[in-house]
S.K.: 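Dropping a structure here in structure tokens format, bear with me for questions.
All values below come from the heavy atoms of this structure, side chains included, with hydrogens, waters and symmetry mates left out.
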2 protein chains.
Amino acid sequence: MPKTLPTAPFEGANENLSATTAPQDVSREDAATFDVLRKMREDILCCVLKPDQKLKFGELRLRYDTSVGTLREALSHLVSEGLARTEAGRGFQVAPISLADFLDLSELRVYLETKTLADAIRHGTDAWEAEIVSSYFLLSKLAAPRPDDPLSVKQEWGKRHKRYHDALVATCRSPWSLHYRSELFDQARRYHWLTMIHSRLHRRNEHLEIRDAVLARDSDLACSLMEKHIRTTVEQAVSDVPGLIRGNARALRPAGRRKS
Amino acid sequence: MPKTLPTAPFEGANENLSATTAPQDVSREDAATFDVLRKMREDILCCVLKPDQKLKFGELRLRYDTSVGTLREALSHLVSEGLARTEAGRGFQVAPISLADFLDLSELRVYLETKTLADAIRHGTDAWEAEIVSSYFLLSKLAAPRPDDPLSVKQEWGKRHKRYHDALVATCRSPWSLHYRSELFDQARRYHWLTMIHSRLHRRNEHLEIRDAVLARDSDLACSLMEKHIRTTVEQAVSDVPGLIRGNARALRPAGRRKS
DNA sequence: ATTTTCGAAACTTTCGAAAATATTGAATAA
DNA sequence: TTATTCAATATTTTCGAAAGTTTCGAAAAT
């Protein structure tokens, strides 16, 4: 049973209110733990750790060179973000992916991306515009990765892509919307990664179109382009990622093959 | 640097897809850890652990009778949920609250609650209706708590209130919407708690009205009632919770007074 | 009186090993 | 053959303590 905490009893709650904002996003956490968390997240997003893969502490300890305690902490975080799962006493595994999941999260993304974008445009500043210009520039320097590009190129493109999309909505005033938008964007990155690996389809320069609509403060156009951007991505994944559309996805499993 | 993981290299990703759904909500986690997590969450929601309060491991260890490792894991989870914060090397604290935060999260709640409710009505089953009837019944057995009711009554009402609202949207088909709806509902509970403590306002039986609209499958009415339900709650908090509306909230701080 | 310095105390973070639990595979029984 | 038991093995979970930071406060200096 819980022992008592040496703290004043709580009666009225008329005291104790603060004024700051709400969800804590990626801020610098505990140096080491956060480092492991970031690396693991990146590895899951890039499918280095594959969907459904069992995450054994033994292997993880070697890979990230840290202790189980630190690993558990990071894994716990990933579970909340929906990138991993855990079950009572049988450890952790990478969260599964599925067409249904991708459709579901994309639908919510359309709402959150357009909502935050509209609000960001409404409250845009010079610095906001500058970061959009700058991050778009960096993104445009890298052509959209092809299936045979090396991993590092794909990863760098992924980083710049995220930075650009973050820049677009940076001045949105709703911390909660931004927080969930960011989580879903990361979720979608796993599917983007699979698409990048499989699809050779060349898309017209949607990022440029969005940038220009945003800088022109044309909220309706920008949002409608953004919506199309997301939906096109879904269609591309559906048509080009084998196994995603069929229910047989279950047949294609993690890395682990049974031994002997 | 990361040592190599003894795992087959990842080239095509044409393998490895699974079919299940996405976010892992509150499912049974690791018995002990999850227990601590649940208790801490409840304590934060009921302001036993007050906004901005420093969460020291020494005290927490006594209160929850567990080790620091387990505590860190739970705290890590709470940070992801937005109920706690942490900063590099100076520990954890309960997430702050503010009017701006409450307004922001309530706005998003209106969208998610109505969206999930509409979808739940669309896919409602007999079992769904039965749980709504049953959870409403349990809720109605307890009159809305008054400021001077004992803590345990307020807590029990909170549980039944949550169960009822969960029941309403249970058949919604969007796991991501449900997941975020649930997180925001919990967030709102902190503010509800403060309202319960301060307000003597008697509200008409909104839960009954919503129940009947839902059972009648009148989606438009149900959603509009739900929206009003949420907005009324905000207004009640704004008018009855002292310190919430004024910016001076900062003056009213945690429990900790300096010693000697 | 105010600021700065420095050492002690308080607290957080990280780790490795012990305890608990689940999984595997071989031997036995149906 | 198929199912079951049981012990050996592998893996997860929990804990306590060492190592590393930050905070606090008294003494020295301005």
S.K.: Rounded to the nearest angstrom, tell me the gap between atom CD in A/Glu73 and atom C1' in C/dT14.
M.R.: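 One finds 10 Å between C1' of C/dT14 and CD of A/Glu73, rounded.
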S.K.: Using the ring pair (Phe, Tyr, Trp, His ring centres under 6.0 Å) criterion, which residues pair with A/Tyr180? Sequence neighbours excluded.
M.R.: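 Only A/Trp176, B/Tyr180 meet the ring pair (Phe, Tyr, Trp, His ring centres under 6.0 Å) criterion with A/Tyr180.
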S.K.: May I have the distance from A/Glu59 (atom CD) to D/dT11 (atom P), rounded to whole angstrom?
M.R.: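 It works out to 8 Å between those atoms.
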S.K.: Report the stems of DNA chain D as range-with-range entries sorted by first number; a stem here is at least three consecutive pairs, Watson-Crick or G-U wobble, both distances under 3.5 Å, and write none if there are none.
M.R.: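 Stem list for DNA chain D: C:1-30 with D:1-30.
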S.K.: Looking only at the side chains, is there a donor atom on one of B/Tyr64 and B/Asp35 sitting less than 3.5 Å from an acceptor on the other?
M.R.: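 The answer is no; no qualifying pair exists.
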S.K.: Under the side chain to side chain donor-acceptor pair (under 3.5 Å) rule, collect the residues that match up with A/Gln93, sequence neighbours excluded.
M.R.: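 For A/Gln93 there are no side chain to side chain donor-acceptor pair (under 3.5 Å) partners, ignoring immediate neighbours.
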S.K.: Could you list the residues that satisfy side chain to side chain contact (heavy atoms under 4.5 Å, CB included) with B/Arg173, not counting sequence neighbours?
M.R.: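 By the side chain to side chain contact (heavy atoms under 4.5 Å, CB included) rule, B/Arg173 matches B/Asp119, B/His123.
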S.K.: Nearest whole Å is fine: how far is C/dT21 P from A/Arg72 CZ?
M.R.: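 Checked: the CZ to P distance equals 14 Å.
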S.K.: Rounding to a whole Å, what distance do you find between A/Leu55:CG and D/dT13:P?
M.R.: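 Rounded to the whole Å, the gap is 12 Å.
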S.K.: Identify which nucleotide among C/dT14, D/dT11, C/dT12 has an atom closest to any side-chain atom of A/Lys56, counting heavy atoms from C-beta outward.
M.R.: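 So the nucleotide nearest the side chain must be D/dT11.
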S.K.: At under 4.0 Å, does any side-chain N or O of B/Thr33 touch on OP1 or OP2 of D/dT14?
M.R.: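 The answer is yes; a side-chain N or O of B/Thr33 sits under 4.0 Å from OP1 or OP2.
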S.K.: May I have the distance from A/Lys54 (atom NZ) to D/dT12 (atom C1'), rounded to whole angstrom?
M.R.: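 My rounded result for the distance is 8 Å.
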S.K.: Polar atoms only, N or O, under 3.5 Å: list the protein pairs with nucleotides 15-22 of chain D and their distances.
M.R.:
residue, atom, partner, partner atom, Å
D/dC15, OP2, B/Thr66, OG1, 3.2

S.K.: Between C/dT13 atom C1' and B/Leu75 atom CG, what is the distance in whole Å?
M.R.: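 So the two atoms are 13 Å apart, to the nearest Å.
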S.K.: Look at the side chain of A/Ala32 and decide which nucleotide, out of C/dT14, C/dC11, D/dT13, has an atom nearest to it.
M.R.: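 Closest nucleotide to the A/Ala32 side chain: C/dT14.
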S.K.: Under the side chain to side chain contact (heavy atoms under 4.5 Å, CB included) rule, collect the residues that match up with A/Lys162, sequence neighbours excluded.
M.R.: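 Only A/Asp166, A/Ser182, A/Phe185, A/Asp186, A/Arg189 meet the side chain to side chain contact (heavy atoms under 4.5 Å, CB included) criterion with A/Lys162.
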S.K.: Taking side chain to side chain donor-acceptor pair (under 3.5 Å) as the definition, give me every residue that meets it alongside A/Thr116, ordered by chain and number, with sequence neighbours left out.
M.R.: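 Listed in chain order: nothing, the list is empty.
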S.K.: Expressed as a whole number of angstroms, how long is the span from A/Phe57:CZ to D/dA10:C1'?
M.R.: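 Distance, rounded to whole Å: 14 Å.
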S.K.: Run the side chain to side chain donor-acceptor pair (under 3.5 Å) test against A/Thr233 and tell me which residues pass, sequence neighbours left out.
M.R.: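 Partners of A/Thr233 by the side chain to side chain donor-acceptor pair (under 3.5 Å) criterion, ordered by chain and then number, come out as A/Arg203.
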S.K.: Got a sec, which residues hit ring pair (Phe, Tyr, Trp, His ring centres under 6.0 Å) with A/Trp128, two or more places apart in sequence or on another chain?
M.R.: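 A/Trp128 satisfies ring pair (Phe, Tyr, Trp, His ring centres under 6.0 Å) with no other residue.
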S.K.: Nearest whole Å is fine: how far is D/dT11 P from A/Leu60 CG?
M.R.: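 About 12 Å, once rounded to whole Å.
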S.K.: From the options D/dT13, C/dT13, D/dT12, select the nucleotide whose nearest atom is closest to the side chain of A/Phe92.
M.R.: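 Minimum distance to the A/Phe92 side chain belongs to D/dT13.
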S.K.: Using a strict 4.0 Å threshold on nitrogen-to-oxygen distance, state whether B/Glu42 and B/Arg38 make a salt bridge.
M.R.: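 B/Arg38 and B/Glu42: not salt-bridged.
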